[in-house]
2 protein chains.
Amino acid sequence: MEGPPRTGSAFLLAQLGAHAARRFTERIAELDLKPPQTGLLRVIARRPGESQQTLAAELGTPPTRLVALVDGLEQRGLIERRRNPQDRRLYAVFLSAAGKKLMRSLAEVGTAHEDDLMSALSTEERATLFDLLSRVAEKQGLAPGVHPGYRGS
Amino acid sequence: MEGPPRTGSAFLLAQLGAHAARRFTERIAELDLKPPQTGLLRVIARRPGESQQTLAAELGTPPTRLVALVDGLEQRGLIERRRNPQDRRLYAVFLSAAGKKLMRSLAEVGTAHEDDLMSALSTEERATLFDLLSRVAEKQGLAPGVHPGYRGS
DNA sequence: TATTGTTATACTCTATAACTATA
DNA sequence: TATAGTTATAGAGTATAACAATA
C-alpha cells in the first residue's frame with residue numbers, strides 16, 4: 001500500500017491534454033499568437049463575415065472578451081472589421097490577406113505538432129487512437145473543432 | 001475548401017483533456033475540493049512527512065503557492081503540520097485521520113469519473129486506449145501521476 | 001551565509017455591470 | 001424598448017520579490 005497507481009485513462013487524458021495544449025501554446029508563440037487568438041482566427045476562417053456576437057457564441061465566450069481580442073488582431077492587420085450596411089450596429093469580421101497567410105503558417109505548425117505528439121505510434125496505431133478518441137469525444141457530447149476549457153487553442 | 005477539418009489526435013487530446021479536467025473539477029466540488037488541493041493531498045498521501053519545499057518541487061509549483069494551500073487544508077483538519085525537531089525551520093506535513101478518510105472518497109470519485117469517461121468503449125478497447133496513451137505519455141517525457149498544467153487534478 | 005516558510009505585491013486572465021449608438 | 005459593441009471594474013489564479021526565523 002505505497003500509494004495508489006492513480007493512472008487511469010481519465011487521468012492520462014487530462015495529463016496529455018494539458019501537455020498538448022502547452023506544447024501548442026509554445027509553438028504558436030513563434031507566430032506571436034496566443035491560444036484565444038488562434039481560436040478566434042480559426043472561427044473567422046471557417047465563417048467569414050459573422051458579427052462579434054455570433055463569434056462569441058461560437059467560441060462560448062462572453063462578447064466582451066471578443067472586443068480586445070478583435071482589437072489586437074485588427075491592429076496587427078490580420079483581420080478586418082467592416083460595418084454591415086443593413087444594420088449599422090453590426091460589424092462583419094473577415095480575415096485580411098495577411099491573416100490568410102498566417103493561417104497557412106498555422107496549419108504547418110499544427111501538422112508539426114501532431115507529428116511530434118504522435119511520434120511514439122505507428123501509422124496504424126495512430127489511426128486506432130484517433131478512432132477511439134473520436135468515439136469517446138462523441139459520447140461525451142463534445143462538438144468537433146470546439147475547445148471548451150482553453151478556448152481556442 | 002469550407003474550412004479545414006482540424007481534428008487531429010493532438011486537438012482531440014487537448015479537447016478531451018480539458019473536458020476530463022472540467023468534469024473532474026465538478027465532481028470533487030461535491031467534496032468541497034479544488035484541483036490544486038486534490039493534487040496536494042495526493043502527493044502528501046504518497047509521501048507523508050515531506051517539507052513544503054519538497055512538496056512544491058514535487059508539484060512543480062512555486063513554494064509560495066503551497067502556503068495558502070496548506071493553510072486551507074490544515075484549517076479544515078485534513079492535514080497536519082509538525083515541526084521537524086532536527087531542523088526547526090522545516091515542517092513535516094501529514095494527512096490527518098479525516099484526510100485519509102477523504103482520500104477514500106476521492107478514490108471513489110476517481111473510479112466513477114473513469115467509468116463515465118470511458119463509457120463509449122468496451123473493456124478491451126479501454127485497455128487498448130490506455131496502452132496507446134501510456135506510450136504517448138512516456139515518449140513525451142511525462143512523469144506518471146504528475147499533472148503539468150492544472151497542477152493536481 | 002544559506003535555507004524554510006511567510007507576507008506583500010503585481011501581473012494575467014476572465015467575468016460582470018454600466019454605457020453608447022443604432023435600430 | 002431592444003440589441004451590438006464598448007468601456008470600466010472587479011475577481012480569481014498565479015508568479016516575483018522582499019522579509020523573519022532557523023541553521
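Below, chains carry the letters A, B, ... as their sequence lines are ordered, and counting in each starts from 1.
In this structure, Arg83(B) atom CZ and dT3(C) atom C1' are separated by 13 Å, rounded to whole Å. Computed from coordinates, the Leu66(B) CG to dG5(C) C1' distance equals 11 Å when rounded to whole Å. The nearest whole Å value for the distance from the CG atom in Leu40(A) to the P atom in dG5(D) is 12 Å. If you take CG of Leu90(A) and C1' of dA4(D), they are 6 Å apart, rounded to a whole angstrom. If you take CG of Asp71(A) and P of dT7(D), they are 7 Å apart, rounded to a whole angstrom. Spacing between atom CZ of Arg82(B) and atom C1' of dT4(C) amounts to 19 Å, rounded to whole angstrom units.
Partners of Arg47(B) under the salt bridge (charged side-chain N to carboxylate O under 4.0 Å, His left out) rule, at least two apart in sequence or in another chain, are Glu50(B), Glu58(B). With sequence neighbours left out, Glu26(A) forms a side-chain contact (heavy atoms from CB on, under 4.5 Å) with Arg22(A), Arg23(A). Evaluation of the side-chain contact (heavy atoms from CB on, under 4.5 Å) rule for Glu138(B) yields no partner, not counting sequence neighbours.
Rounding to the nearest 0.5 Å gives a distance of 5.0 Å between CG of Leu41(A) and CG of Leu73(A). One finds the CZ atom of Arg126(A) at 13.5 Å from the CG atom of Leu133(A) (value rounded to the nearest 0.5 Å). To the nearest 0.5 Å, atoms CG (Asn84(B)) and CZ (Arg89(B)) are separated by 10.0 Å.
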Hey, what are the protein-to-nucleotides 10-13 of chain C N/O distances that come in under 3.5 Å?
{"residue": "dC13(C)", "atom": "OP1", "partner": "Lys34(A)", "partner atom": "NZ", "Å": "3.2"}

Could you run down nucleotides 16-23 of chain D 5' to 3' and tag each one B, S or - for protein heavy-atom contact under 4.0 Å? BB----BS
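Backbone-only engagement by Arg81(B) is indicated by non-hydrogen atom pairs under 4.0 Å involving sugar-phosphate atoms exclusively.
In the set dT4(C), dG5(D), dA15(D), the nucleotide with an atom closest to the side chain of Gln53(B) is dT4(C).
Within the 4.5 Å cutoff, the side chain of Met103(B) has no heavy atoms near those of the Leu78(B) side chain.
Within the structure, ring pair (Phe, Tyr, Trp, His ring centres under 6.0 Å) pairs that include any residue of residues 79-100 of chain A do not occur (at least two apart or interchain).
In this structure a side-chain-to-backbone donor-acceptor pair under 3.5 Å is missing from Gln37(B) to Leu69(B).
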